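Remember, it's a predicted structure, so these values are computed and weren't measured experimentally. So that the names make sense, note that chain A is the first sequence line, chain B the second, and so on, each numbered from 1.
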Protein chains: 2
Amino acid sequence: MTRVLVVDDEPQIVRALVINLRARTYEVDAAHDGATALRLAAARHPDVVVLDLGLPDMDGVEVIRGLRGWTRVPILVLSARHSSDEKVEALDAGADDYVTKPFGMDELLARLRAAVRRAEPAGGGEDDVIVETGEFTVDLAAKKVNRAGKDVRLTPTEWHLLEVLVRNSGRLVGQKQLLREVWGPSYGTETNYLRVYMAQLRRKLEADPSHPKHFITEPGMGYRFEK
Amino acid sequence: MTRVLVVDDEPQIVRALVINLRARTYEVDAAHDGATALRLAAARHPDVVVLDLGLPDMDGVEVIRGLRGWTRVPILVLSARHSSDEKVEALDAGADDYVTKPFGMDELLARLRAAVRRAEPAGGGEDDVIVETGEFTVDLAAKKVNRAGKDVRLTPTEWHLLEVLVRNSGRLVGQKQLLREVWGPSYGTETNYLRVYMAQLRRKLEADPSHPKHFITEPGMGYRFEK
DNA sequence: GCCGTCTTTGACGCAACCCTGACGCGCCCG
DNA sequence: CGGGCGCGTCAGGGTTGCGTCAAAGACGGC
C-alpha cells in the first residue's frame, strides 16, 4: 500500500485530494501547515508527499529543505504561483515535480504515479531483497525475519532499525543517521534508544546476544550489520 | 560530466537547448526523430533524455516505451499538447516529467537538474571510495579498514585522523591542520596528541610500526600518507 | 474502560577511550 | 662536545559511552 502525505491549508483541496487518493486505494495522511507536515512525515514515513507551497506557518521551500535533510521521499509541489523563479527555487531545494493550480486531477495522479514508480526499488530484477546470515534471514520486501524455520516477531521500531542496518549491510551507520532515519529528523542525541533497541534485536536474532556477530558496535561512531 | 540526449524535430528548439546545456557544461547529443533517438540512447547511455512528443517518424509515447524496455534513464517530455490525456499517457508510459511548450528555459533546466539529482545514487554513482596499500585497505564509505583479511578496529579519533590523512593521500598535512580537523578549531599546538595517535595508527596498520612506510613524519611540519 | 503491547525513560556496572605526564632517543645547532 | 628541541613510546587515571534491567508512560484493540 502506497502512503501519501497531503499538505495544504485549503480544506477543499485537501478534501478533493484525499477522496480521489483513497478511492484509488492510497493510504492518505493530511497536514494543514508545515510543522505538522514535518512531524507527520517523520512519524508516518510516506512514500510520496504532495506539498502546497502557500502554508500559513512557514515557507514551503523550508518544508522541502526540512524533509530533504533526512529523507529522499518524492515531493510533488502544488502552487498557485506561476512564476518561473518559484519553480526553480522549489525544484532546486529538492522537490521532484511542480504543478500549478488549478490542476487537473488526472494529471496530478499521473505525476504522482510517476514519482512513486521512480522511487521504487532500483533495477528491474528483484535480487537483493533477501539477506541471509548463518543464523537468520531477512526479507526486506515481505518485511519478514526468519530464524531456525520460524518467523521472528519484530515491533515496528525494531524492524525499522533492522531495515536501515541491513540496507547498509557491511557499512557503518552513524548513530545520528540511525536516529534520524528511524525516529525522525529531530532526534540525534538520544543514543539510549539505540542501545535499548539494539539489545532487543540482538536478543531476538543473535545466537549469543552478549557476543554479537552480526550487529556490531563501533564505539563512539555507530553500528554495523555484517552477514 | 552529465550527458543529455535532446530529441526534437524543430531545429531552433534543439539549437536553443544545446546552447543552453553546453553553456552549463552538460555533454549533449541531439536527435531529430525517434529512431535516431533510440539508437543514440543505446550507443551513448545518456544520464537524462529530453524528448519532444511530436516526432516525424513515430509516436513519442512509443519512444518512451522503447527506452523503458531496457533503461530507467530519466525522461523529460516536451510537448505542445496541453491536453490532460496526453500527459497522463506519457507519464504512465514511463516519462518522469512533462513540460508544455512554450516553456521557460530556467524552469526546464531546473526540472532537468531535479531529474538528474534523483537518479544519481541509484544509477551510475560509485559510492565506495576504497584506498589500497600493499598491507591494508581503507574503505572511506563503509568506515572500514582491512588488513590481512581481517577487519581492524579503530577508535573514533584514530579513524578521524586516518580519514584526514587518506583524503589527502600523498600530500603533506600540517600538524595544525590535523589538530583542527580532528580535535576542533581551538586546538593547534597540542602536537603530543598527534604523536600518541599516530603511534597507535602505525601499530595497528604498519607492518613494522617503528619504521613506517605509509604514515610518514615530516619533522617540524606534519604527516603524510603514502600508498 | 480495561488490558496488553510497544515505546520511552532512568539507573547502574563495566569496559573502552581519551588525555596527560614522564622518559629515551636522534638530530641540529651552538 | 654538550644542550635543546622534536618525535616516539609507555602506562596510569578520569571520563565517556555501552549494555542491561526495570518500570513508567503512551497507544490501540476488545
Which pairs would a plain distance check flag for residues 39-55 of chain A, meaning a side-chain donor or acceptor within less than 3.5 Å of a matching protein atom at least two apart in sequence or in another chain?
residue, atom, partner, partner atom, Å
A/Arg44, NE, A/Asp29, OD1, 3.2
A/Arg44, NE, A/Asp29, OD2, 2.8
A/Arg44, NH2, A/Asp29, OD1, 3.1
A/His45, NE2, A/Ala42, O, 3.1
A/Asp47, OD2, A/Arg3, N, 2.7
A/Asp52, OD1, A/Gly54, N, 3.4

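With salt bridges taken as basic N to acidic carboxylate O contacts below 4.0 Å, none links A/Glu27 and A/Arg22. We find that A/Lys227 and A/Glu132 are not joined by a salt bridge, their nearest charged nitrogen and carboxylate oxygen being 4.0 Å or further apart. Between A/Arg111 and B/Asp97, at least one side-chain nitrogen of the basic residue sits less than 4.0 Å from a carboxylate oxygen of the acidic one, meeting the salt-bridge criterion. Electrostatic pairing of A/Arg15 and A/Asp8 does not count as a salt bridge here, judged by no charged N lying under 4.0 Å from a carboxylate O.
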Nucleotides 2-6 of chain C: which of its N/O atoms have a protein N/O under 3.5 Å away?
residue, atom, partner, partner atom, Å
C/dC6, OP1, A/Arg153, NH2, 2.5

Under 3.5 Å, which N/O atoms of the protein pair with N/O atoms of nucleotides 25-27 of chain C?
none

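In this structure, A/Phe215 has its ring center under 6.0 Å from that of A/Phe225.
Within 4.0 Å of B/Trp183, counting heavy atoms only, lie sugar-phosphate atoms of the nucleic acid but no base atom.
More than 12 heavy atoms of other shown residues, nucleotides or ligands fall within 6.0 angstrom of atom CZ in A/Arg147. The 12-atom threshold is exceeded at NE2 of A/His82, counting heavy atoms of other residues, nucleotides or ligands nearer than 6.0 Å.
Every residue was checked against the ring-ring contact (aromatic ring centres under 6.0 Å, His included) condition with B/His160, not counting sequence neighbours, and none meets it.
Atoms CD (B/Glu158) and C1' (C/dA16) sit 11 Å apart, rounded to a whole Å. Put simply, CG on A/Leu179 is 11 Å from P on C/dT8, counting in whole angstrom units.
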Base-contact (B) and sugar-phosphate-only (S) positions in nucleotides 9-30 of chain D, heavy-atom cut-off under 4.0 Å, - elsewhere: BB------SBBB----------

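Counting only residues at least two apart or in different chains, salt bridge (charged side-chain N to carboxylate O under 4.0 Å, His left out) contacts with residues 193-211 of chain A comprise A/Glu158-A/Lys204.
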